Amino acid sequence: WLRRRAGDVPRVVAFNKCEDGRDVSGADREVAARHADVGPLLVSATHGDGLPDLLDALRGFGAAANSAHDDGDAAPAVRVALVGRPN
């Protein structure tokens, strides 16, 4: 997961289900920090905790893609992949 073979693709790592003070292990944080450009972010989709930080990170990548594309054509689409396990 989060392979670097994909080239220069920005990565955001967010851990879901971190409500009520739940935390992720130090090993998970270390691996995520090693492979992510932003994160690891702790979020709770159910309660909305950490979602503003996640949206800010995604907006930053969109702004960077738009500013890097200045030849007059439409800006390239920002692609998002959500990776995880079902409940």
Side-chain angles (χ1 to χ4, degrees):
W1 62 281
L2 296 176
R3 298 180 206 192
R4 287 286 182 186
R5 292 188 310 176
D8 191 22
V9 177
R11 292 164 184 84
V12 176
V13 174
F15 292 100
N16 192 23
K17 301 189 186 297
C18 291
E19 59 270 337
D20 299 328
R22 286 190 214 166
D23 203 356
V24 295
S25 73
D28 287 338
R29 280 181 180 264
E30 183 179 328
V31 169
R34 200 175 329 136
H35 293 285
D37 299 304
V38 175
L41 302 172
L42 303 179
V43 300
S44 170
T46 301
H47 296 104
D49 299 335
L51 291 180
D53 295 332
L54 178 60
L55 290 174
D56 287 344
L58 294 175
R59 281 189 195 109
F61 289 130
N66 286 337
S67 67
H69 182 80
D70 56 359
D71 62 2
D73 293 335
V78 174
R79 299 181 343 183
V80 176
L82 300 176
V83 181
R85 298 181 306 200
N87 290 337

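Below, each value reflects all heavy atoms present in this structure, side chains not excepted, and no hydrogens, waters or symmetry copies. These numbers come from a predicted model, not from an experiment.
With rounding to the nearest 0.5 angstrom, the CG atom of D56 is 11.0 Å from the CG atom of L51. To the nearest 0.5 Å, atom OG1 of residue T46 and atom CG of residue N16 are 6.5 Å apart.
Remark: the backbone N or O of C18 is not paired with any side-chain donor or acceptor of D49 at under 3.5 angstrom.
When all heavy atoms are compared, the tightest approach of V24 to R29 is CG2-CG, 3.5 Å.
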